[in-house]
Amino acid sequence: MSMPRRLLRHLRPHAGALLLALVLALLAGLVDLLRPWTVKVVVDYVLGGRPLPPAVAGLLEVLPGPDSRRALLGWTVAVAVLLAVLGLWLSLVVARRVLRAAQDMVLELAREVFDKLQRLSLGFHGRHEVGDLLQRSTQDVFVGAIVAQTLLPGLVALITLVGMFLVLAGVDLPLAGVAMTVVPLLLAALYWFAPRLDRTTSEQFDRWGKLMTFVENALSAIKVVHAFSGERYVRNRVDADAQRVARAYAGSTFLTTAWEQSTIAVTGIGSAAVLGVGAVRVLSGSLTLGDLLVFTAYLSSLYAPLQSLAKAVGGVVEIRSRGRRVVEILDSDDDVPEPLRPVVPAALRGEVVWEGVVFGYDESRPVLRGVDLRAAPGEVTAIVGPSGVGKSSLASLVPRFYDPWQGRVLLDGIDVRDLPLRLLRHQVALVLQEPYLFPVSVADNIRFGSPGASRSDVEAAARRARADEFVEQLPDGYDTVLGEHGTTLSGGQAQRIALARALVRNAPVLVLDEPTSALDAETEADVLEAITAAASGRTVVLISHRQSTLAIADRTFEMRDGRLTERPGAPAPHRRAARSPSLDPIGTP
Ligand SMILES: Nc1ncnc2c1ncn2[C@@H]1O[C@H](COP(=O)(O)OP(=O)(O)O)[C@@H](O)[C@H]1O
Ligand SMILES: [Mg+2]
């Protein structure tokens with residue numbers, strides 16, 4: 001879908017409100033058109049002593065009070081006041097309606113962008129920087145407001161300009177012609193400015209995105225920055241990016257100012273011409289002084305609608321550059337699409353099979369070069385191998401963070417690409433290598449993937465993950481909000497919360513990516529026991545390079561050069577022991 005149409009779609013639900021605002025705005029424009037006429041009435045008929053036109057004379061007769069010129073002055077001043085008040089009231093009503101509709105549109109667009117961002121695959125997120133996406137999803141979505149806040153006033157201004165010309169033409173066509181010579185001049189200026197404004201504005205927003213990205217990264221990694229005294233390096237990088245933003249901002253703002261000032265100058269030139277030609281026509285008697293005053297009043301008030309039009313041009317430019325950045329997200333193809341004909345099985349046992357899987361991140365460099373593996377329910381299948389060999393990548397194909405280049409991943413014999421994504425991901429509980437915790441309470445972190453879990457479910461999972469002891473020591477126990485008041489967890493503690501989060505999900509497939517890498521030997525033994533217990537009836541895929549971990553595995557595969565080979569060996573005796581609750585857990589290797 002093209003960008004303008006995509007954005008205009010968001011206007012549709014507000015069409016009624018905007019139409020009403022348009023009508024009211026036109027009324028306000030009409031009020032503006034009427035205002036200079038009070039000057040003419042006073043100058044020509046009250047001061048100038050010209051005979052009253054029949055309409056004015058008739059009106060004065062109908063109105064209470066004497067039919068004197070003084071009374072006319074009184075009424076005219078009253079009308080001028082009334083017009084001013086009416087103008088104020090109309091413009092406030094319009095502003096309120098337009099602002100509401102505009103902000104509603106921003107919200108809707110932001111919602112749509114954020115939903116899409118959440119849905120888009122890890123592949124997409126790997127290609128885009130967080131800072132830039134932040135900029136797009138929180139700043140650029142204001143493009144939704146520009147449509148209503150700039151284009152509507154622009155339209156009203158255009159209609160007001162046409163109205164002014166028609167009124168002026170009715171008074172004195174030749175002079176109206178002189179006044180309107182400003183229009184081609186303005187069009188010429190517009191022709192020159194528009195593409196330049198377009199370019200500099202786009203550049204400005206892109207550079208903002210880059211700056212945000214680097215600042216976001218540097219602040220997230222502040223520990224590393226401090227540890228390696230990297231402040232100067234970071235500062236220089238930020239400074240360089242900020243200078244680019246500043247230059248781009250100065251450039252585009254200068255251009256905008258130049259365009260606005262040009263419209264003022266052109267209006268000034270038009271006013272001078274009207275003053276000259278108009279005065280000559282007043283002297284020759286073909287125009288009254290009051291008419292000339294109406295002309296000059298119109299010309300000086302021409303500035304307001306022209307300003308709105310100039311803004312509208314800037315608005316169109318901004319819509320194009322911000323809109324492009326927003327629509328790019330909305331139109332991104334999902335690398336991990338929902339199946340066209342989804343298969344919805346009645347129940348899943350949880351058998352996971354990798355079949356001839358070839359996968360990588362960079363076309364020229366496959367990471368997995370033909371992986372065949374079957375992880376059976378009720379078993380712990382361990383995968384070992386040096387770091388960087390592709391173990392995490394193998395695991396990430398099960399919940400479809402990515403899809404393989406070749407081959408398939410099957411869940412109970414069904415290609416995972418044929419399962420509805422939500423259903424698939426509900427079957428897989430995952431402990432990621434980096435246990436990310438949200439800045440919410442410990443309990444909410446544990447029930448993150450299982451909103452229905454009760455408090456006792458949460459506590460039971462924490463006990464099994466050997467997290468209960470330290471959680472109870474926290475200031476507010478399970479209600480302690482992480483990150484608040486300096487409450488942070490150690491790596492090993494975070495790992496156990498992440499494990500509890502996976503266990504509480506009660507999914508048939510449990511994928512654990514180095515779940516004990518940050519634990520001491522004793523805690524690890526406890527956690528492994530919990531994992532072994534969780535394995536009964538489930539499929540457990542355990543990635544690790546620790547010998548101790550492997551002791552609980554039923555089968556162990558070694559990954560090398562993107563392929564797996566099984567390590568021969570009897571089922572681990574530890575596992576048998578750990579599975580029996582009557583025996584003491586044996587965790588030490
Ligand atoms: N999101 C990613 N984008 C690009 N390359 C990646 C990404 N994740 C991992 N890689 C690369 O793929 C290879 C395997 O990584 P990974 O599966 O994390 O290995 P392991 O878990 O065995 O340590 C590495 O060379 C790594 O640099
Ligand atoms: Mg890994």
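Both ligands and their constituent atoms are indexed starting at 1 by order of listing. The residues of the chain are indexed from 1 along the displayed sequence. Note that the structure is predicted; figures quoted are calculated from it, not measured.
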[X] heavy atoms, cut-off 4.0 Å: which ligand 1 atoms fall inside?
X    : result
S387 : 23 (O)
R365 : 25 (O)
S392 : 17 (O), 18 (O), 20 (P), 21 (O)
Y402 : 1 (N)

Ring geometry between Y402 and Y361 (parallel below 30°, tilted from 30 to 60°, perpendicular above 60°)
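Y361 and Y402: perpendicular rings.
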Relative to the ring of F124, is the ring of H128 parallel (under 30°), tilted (30 to 60°) or perpendicular (over 60°)?
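Correct class here is parallel.
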T523 and D526: side chain donor to acceptor below 3.5 Å
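Their side chains do not contain a donor-acceptor pair, so the 3.5 Å distance test is not met.
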Check: Y233 ring centroid to F228 ring centroid under 6.0 Å
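No - the distance between ring centres of Y233 and F228 does not fall below the 6.0 Å cut-off.
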Going through the checks in order, is the side-chain contact (heavy atoms from CB on, under 4.5 Å) test met by V398 and W354?
CA-CA 9 Å; V398 183; W354 287 258; 3.3 Å; yes
Would S392 count as a contact for the Mg ion (ligand 2), in the sense that one of its N, O or S atoms lies under 2.8 Å from it?
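Under 2.8 Å: S392 contacts the Mg ion (ligand 2) through an N, O or S atom.
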Report yes or no: does S387 have an N/O/S atom closer than 2.8 Å to the Mg ion (ligand 2)?
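Checking S387: none of its N, O or S atoms is under 2.8 Å.
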Which residue supplies the protein heavy atom nearest to [atom], what is that atom called, and how far is it?
atom                    : answer
atom 6 (C) of ligand 1  : Y361 CD1, 3.2 Å
atom 22 (O) of ligand 1 : K391 N, 2.8 Å
atom 14 (C) of ligand 1 : G388 O, 3.4 Å
atom 19 (O) of ligand 1 : G390 N, 3.2 Å

On a heavy-atom basis, I'd like to know which of S393, A395, S396 is closest to atom 15 (O) of ligand 1.
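Looking at heavy atoms only, S393 sits closest to atom 15 (O) of ligand 1.
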CG-CD1 distance between N445 and I497, expressed to the nearest 0.5 angstrom:
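Nearest 0.5 Å value for the CG-CD1 distance: 7.0 Å.
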Determine the sole option in E514, E434, Q433 for which the side chain to side chain donor-acceptor pair (under 3.5 Å) test with S392 is passed.
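Running side chain to side chain donor-acceptor pair (under 3.5 Å) over E514, E434, Q433 with S392 returns exactly one hit, Q433.
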Taking atom 9 (C) of ligand 1 as the reference point, report whether a protein heavy atom occurs under 4.0 Å from it.
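There is a protein heavy atom less than 4.0 Å from atom 9 (C) of ligand 1.
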Using a 6.0 Å distance limit plus a 45 degree cone around the ring axis, check whether R322 lies over the aromatic ring of F205.
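That pair qualifies as a cation-pi contact.
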Side chain, backbone, both or neither: which part of V367 has a heavy atom under 4.0 Å from ligand 1?
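Only the side chain of V367 comes within reach of ligand 1.
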Hey, are R417 and D415 close enough for a salt bridge, meaning a charged N less than 4.0 Å from a carboxylate O?
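Salt bridge flag = yes for D415 with R417.
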